Every structure is written in C-alpha cells, then in structure tokens.
**Q** 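Sending over a structure as structure tokens; questions will come in a sec.
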Amino acid sequence: MTEWHPGSWRAKAAKHQPMWTDAPELDRVEKELSSLPPLVFAGEARDLKANLARVANGEAFLLQAGDCAESFDSFDAVSIREKLRVILQMAVVLTYSSGVPTVKVGRIAGQFAKPRSSATETVDGQELPSFLGHMINDLAFSEADRKPDAQRLIRAYHQSASTLNLLRAFTKGGFADLHRVQEWTQEFVASSPEGQRYDKLAQEMRRALRFMAAAGIDSSNHKIHQAEFFTSHEALILQYEEALTRKDSLTGEFYDCSAHMVWIGERTRDLSGAHVEFFKGIKNPIGCKVGPTATAEDVIGLCEALNPEREPGRLTLITRMGADNVAANLPPLLKAVKAEGHPVVWACDPMHGNTFTAEGGYKTRDLEAVLGEVTGFFAAHEEAGTWAGGIHVELTGEDVTECLGGSEPVAQADLGQRYETMCDPRLNARQSLDLAFRVGELLVD
Ligand code: PEP
Ligand code: CO
C-alpha cells in the first residue's frame, strides 16, 4: 500500500465536483494556491483539537455556526462583525447555562462550495449547471455565470484571508469582551416580547459578572477580554484543500491549513470515496455529517477510517436527521459508537433535515422543527448515557426573513421581505438567540 499524501484522493472517485472545462487553467491555479501562505497554523488546529477533546469528554460544548454559503458579493466588515457578535452572544448563553466552556467554531472564512441535490437547473427550458458556491460559479442564471471558473478558487482564498484577519482583530482587540457580549444579550432580553422567559438567566449572568469583578477577576484577565474563535468549512473541492495542505515543520505531519476544522458533507461520506481518503491523512480536527440513511455500520466504518487511533477531539459526528426521525435514527448510532468505545464529539445540525419549500417557492425551516430536533438529540443522549456535545447551525447576524418562527415570529407571508441567502435559509440574529436560550434550558435540565 502506498503511503498517504495530499494528492492520494485523486485515485478515488470524488462526488459533487464541478465539471472543470479548462484543465491547464485549474492546474495553474492549484500551483498558485500551493505557493500562497497557509491561512491557519497547525498549532492552532491542534488547540482546537484539544478543545474538542474536552467536548468529547463531556467537559465542554461545541457551537459551530455561520453561513450556508459565504458570498463574494455581500462581503464587508459589518456582516462579518454581526455574525461574530451573534455567535459570541449564543456562546455566552450556552456557557452560562451549561457551566462548561463553549468552543466557538465559525462556518466562515472558507465556506464557499456547495454540493447540490441536482447537478443542473432548468429555467424556461434552458438547462445549466447548478450554482455550486462562489468558489466555483455564480448564482445568476446564464451560461457564462454558471461555468466553473478556477480563478474563483484564488478569490475564495483571498476573501478567506481577509475574513480571518478581521475575525482575529475582533476577537483579540476588545470587541469580544465578555461584559459587552453580556450587555448585547441584555438588550435582546429587554426588547424581546418573549424576553421575560429569559430574564432570569440574564439577571443571573449579570450578577455573576458583577461578582467576578468584585472578586478582582476583571477585563484585564485576557479570558474575559478576548475570545477564542476557530474557522471551518465543508472541504468539498479537493484541489483547493490539497493545495493548502502543508507539512507542519514541528511534527512533520500534514495539516489542511485552509481552516482549523474541515468537514465531510452528507453526500460525500462514502468510505471508498475521495473525500474520506483525503481526510484520512490530514491531522486537523474533522467533522462528518451523518444523515437519516446512515447505518450503525456506516458510522463505525467512518470512525475506524477517520480516527483509527481513537484520538479524542479528532472526529466530530454532526447528525442531521430531521425532527421527525431523530428519535428513531439517532439512538442506534449512539449505542454502536459507545459500544465500540470511539471517542467522538456528537453535534446536532438541526437545519439540514428540516428544510421545506413554503408558499411562494421559498426554501425555509421552521424554528419549532429546529428546536424539535435539538430536543430529540438531547433526549437520545440522555437515554444513551452519552454527551450531547454541541450544535451546528446556519445563521447570519442580519435581520433576514429566511426561517419561520421565533420570538418575533417570521410568518410564511414575511419570507419575501428579506430573503437573501444564496443557498439554505439561515436563522436571523433573534432566532439564533432564541435557539441559544432554548438549548441553554436543555443544558440545565
Ligand atoms: C451544509 O452544511 O450546508 C450541507 C450541505 O449539509 P449536509 O452535507 O449535511 O447536507
Ligand atoms: Co446548508
């Protein structure tokens, strides 16, 4: 058997890849990407893995959140800041409720490629390739816009670098100070019609911060002043991921330096496929989506292939069953993985199994179904004696109307008002906080 190398995946079948038409151009782009600096360092990926090991051990909680697909068009400091703000707010609520640290990972700074249920889209009799994310083609429906363009891989790299730079500045430069985050959350509670429900938790949080200040633990403590924030995306386009995979000079091991964590999607998790092959050799903490068709054997196979050394924090299984299926489908998987003694992080993606098309043709999700799946996830873990380790959600900091429900409810008739996503519907800032408070309640139960 030949030794793994970053290009090993090329000998296997890769699903959901674009139909690149200009092979020499793709080749040039790969060479250019290989010569560009890494976006993250191996040591940072190891830090995240250590944090996730604490989640695997039931000593921390994972919050992984961000866009379904990042956009080249709506790329500005305000939208990045607002997304970060809502994730930090959710994390404070979760940490306070659970009494354990929240590990914060964004679907950001690299989340540009999408697997699609259909390879083509037909409008008025014209059939064109589906939109595959801004790393590959454009959303506009014309032959030129939908043609895969390898130069977009370079643009995705540079946008990821700027995004990461801003995230590092925000999280280390005072924006993420715990007192400020708590104040924002306080505003939410004060202005929310359902706020009274959360008021108790918010008041306790305020008292705890006051107590810490009185005890001399104040903002000069960097843990209060700064936040640790990591990046992640679905590593779908393997040429891009391979080009950013570098040998760590400290350990001699390979890390995919396009993000701290990368994950395998539900559609590309077959054991003999190219994605699993690529992931076997990188040492980052990795995720794998697990949907309703996954059997216990599939999941054990993934654990063995992706984490043969049983390293805690290496593998996060992100289950996305759908609110109606979680009670039946999740328990056998929890039981099997527990029986085999694999140390995984279990996270719940309550978004992708709960998507439907509403009147007017809008793809949407109802917050009640999202909460339903999270509740079922916690119940299944309680029953199995395993740790419900985290949530994985699609959200934005903006006031969009893409998902239904919430404490300031979005109704079907409202969906058209601000429906801006390029791909799946995202929770808006308020719905995201609603979710955090509700998950917080599940964590204290
Ligand atoms: C996603 O996370 O946007 C996604 C496509 O998910 P899944 O692979 O679970 O369908
Ligand atoms: Co999505």
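We count ligands from 1, going down the list as the structure has it; atoms in each ligand are counted the same way. As the structure is a prediction and not an experimental result, all values here were calculated from the model. Residue numbers run from 1 in the order of the sequence given.
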**Q** Give the atom name of whichever N/O/S atom in Asp424 sits closest to the Co ion (ligand 2).
**A**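 Of all N, O or S atoms in Asp424, the Co ion (ligand 2) lies closest to OD2.
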
**Q** Mind checking whether Gln111 has an N or O less than 3.5 Å away from an N or O of ligand 1?
**A**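 No, Gln111 has no N/O under 3.5 Å of an N/O on ligand 1.
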
**Q** So, Cys423 and the Co ion (ligand 2): N/O/S under 2.8 Å, yes or no?
**A**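 Within the cut-off used here (under 2.8 Å), Cys423 places no N, O or S atom near the Co ion (ligand 2).
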
**Q** Cys68 heavy atoms, cut-off 4.0 Å: which ligand 1 atoms fall inside?
**A**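 Answer for ligand 1: 3 (O).
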
**Q** Near Arg107, which atoms of ligand 1 are under 4.0 Å from a heavy atom of that residue?
**A**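 Taking each heavy atom of Arg107 in turn, ligand 1 has 1 (C), 2 (O), 3 (O) under 4.0 Å.
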
**Q** Closer than 4.0 angstrom: is that true for some heavy atom of Met351 and an atom of ligand 1?
**A**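 The answer is no: ligand 1 sits nowhere under 4.0 Å from a heavy atom of Met351.
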
**Q** Just by distance, with hydrogens left out, do Gln64 and Ser232 show a side-chain donor and acceptor under 3.5 Å apart?
**A**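 A pair is found: one side chain offers a donor N or O, the other an acceptor, under 3.5 Å apart.
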
**Q** Testing Lys283, Glu44, Arg46 for side chain to side chain donor-acceptor pair (under 3.5 Å) with Tyr255, which one passes?
**A**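 Between Tyr255 and the candidates, side chain to side chain donor-acceptor pair (under 3.5 Å) is satisfied uniquely by Arg46.
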
**Q** Test His260 against every option in Asn284, Asp47, Thr231 by the side chain to side chain donor-acceptor pair (under 3.5 Å) rule and name the one that passes.
**A**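 Filter result, single survivor: Thr231.
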
**Q** Any N or O on His392 sitting closer than 3.5 Å to an N or O of ligand 1?
**A**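 In fact, backbone or side chain, His392 has no N or O that close.
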
**Q** Does any donor atom in the side chain of Glu241 or His275 lie under 3.5 Å from an acceptor atom in the other side chain?
**A**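 Per modelled atom types, Glu241 and His275 side chains form no pair under 3.5 Å.
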
**Q** Under 3.5 Å between some N or O of ligand 1 and some N or O of Asp424?
**A**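 N/O-N/O distance under 3.5 Å: no.
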
**Q** Could you tell me which atoms of ligand 1, counted from 1 in the order shown, lie closer than 4.0 angstrom to a heavy atom of Glu394?
**A**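 Counting atoms of ligand 1 from 1, those under 4.0 Å from Glu394 are 1 (C), 2 (O), 3 (O).
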
**Q** Starting from atom 4 (C) of ligand 1, which protein heavy atom do you reach first, and at what distance in Å?
**A**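 Here the nearest protein heavy atom works out to His352 NE2, 3.4 Å.
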
**Q** Checking a contact table here: which protein heavy atom is nearest atom 3 (O) of ligand 1, and how many Å away?
**A**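 Scanning the protein heavy atoms, the shortest distance from atom 3 (O) of ligand 1 goes to Lys114 NZ, 2.7 Å.
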
**Q** Measure from the side-chain N and O atoms of Thr357 to the backbone N and O of Lys363, and report whether any donor-acceptor pair falls under 3.5 Å.
**A**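 Checking the backbone N and O of Lys363 against the side chain of Thr357, no donor-acceptor pair under 3.5 Å is found.
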
**Q** Can a donor-acceptor pair be found between the side chains of Asn307 and His342 at a distance below 3.5 Å?
**A**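 Side-chain D/A pair, Asn307 to His342: absent.
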
**Q** Using a strict 4.0 Å threshold on nitrogen-to-oxygen distance, state whether Arg418 and Asp399 make a salt bridge.
**A**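 So Arg418 does not pair with Asp399 through a salt bridge.
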
**Q** Would you check the N or O atoms of Asp349, main chain and side chain alike, for any that come under 3.5 Å of an N or O of ligand 1?
**A**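 No, Asp349 has no N/O under 3.5 Å of an N/O on ligand 1.
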
**Q** With heavy-atom distances below 4.0 Å as the criterion, list the atoms of ligand 1 near Gly265.
**A**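 Matching atoms, with element in brackets: 8 (O).
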
**Q** Checking the side chain of Lys114 only, and the main-chain atoms of Cys68 only, is there a donor and an acceptor separated by less than 3.5 Å?
**A**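 Present.
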
**Q** Please assess Phe175 against Trp184 for the test ring pair (Phe, Tyr, Trp, His ring centres under 6.0 Å), listing each intermediate value before the final yes or no.
**A** CA-CA 12 Å; Phe175 178 76; Trp184 303 329; 5.1 Å; yes

**Q** What residue and atom, counting heavy atoms only, is the protein's closest point to atom 8 (O) of ligand 1, and at what distance?
**A**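 Looking only at protein heavy atoms, the one closest to atom 8 (O) of ligand 1 is Glu266 N, 2.8 Å.
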
**Q** Fit a plane to each ring of Trp4 and Phe278, take the angle between them on a 0 to 90° scale, and name the class: parallel (under 30°), tilted (30 to 60°) or perpendicular (over 60°).
**A**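 Judged by the thresholds at 30° and 60°, the geometry between Trp4 and Phe278 is tilted.
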
**Q** With carbon and hydrogen excluded and only N/O/S kept, which atom of Glu394 is nearest the Co ion (ligand 2)?
**A**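 Sorting the N, O and S atoms of Glu394 by distance to the Co ion (ligand 2) puts OE2 first.
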
**Q** Can you tell which of Lys289, His16, His233, Arg267 gets a heavy atom nearest to atom 10 (O) of ligand 1?
**A**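 Among Lys289, His16, His233, Arg267, the closest heavy atom to atom 10 (O) of ligand 1 comes from Arg267.
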
**Q** Has ligand 1 got any nitrogen or oxygen that is less than 3.5 angstrom from a nitrogen or oxygen of Glu234?
**A**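 Min N/O separation from ligand 1 is not below 3.5 Å for Glu234.
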
**Q** Run the numbers on Glu242 and Arg10 for salt bridge (charged side-chain N to carboxylate O under 4.0 Å, His left out), then give the verdict.
**A** CA-CA 10 Å; Glu242 177 187 342; Arg10 289 174 191 266; 2.9 Å; yes

**Q** Which ligand 1 atoms are under 4.0 Å away from a heavy-atom of Arg320?
**A**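 Listed by number with element, the hits are 7 (P), 9 (O), 10 (O).
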
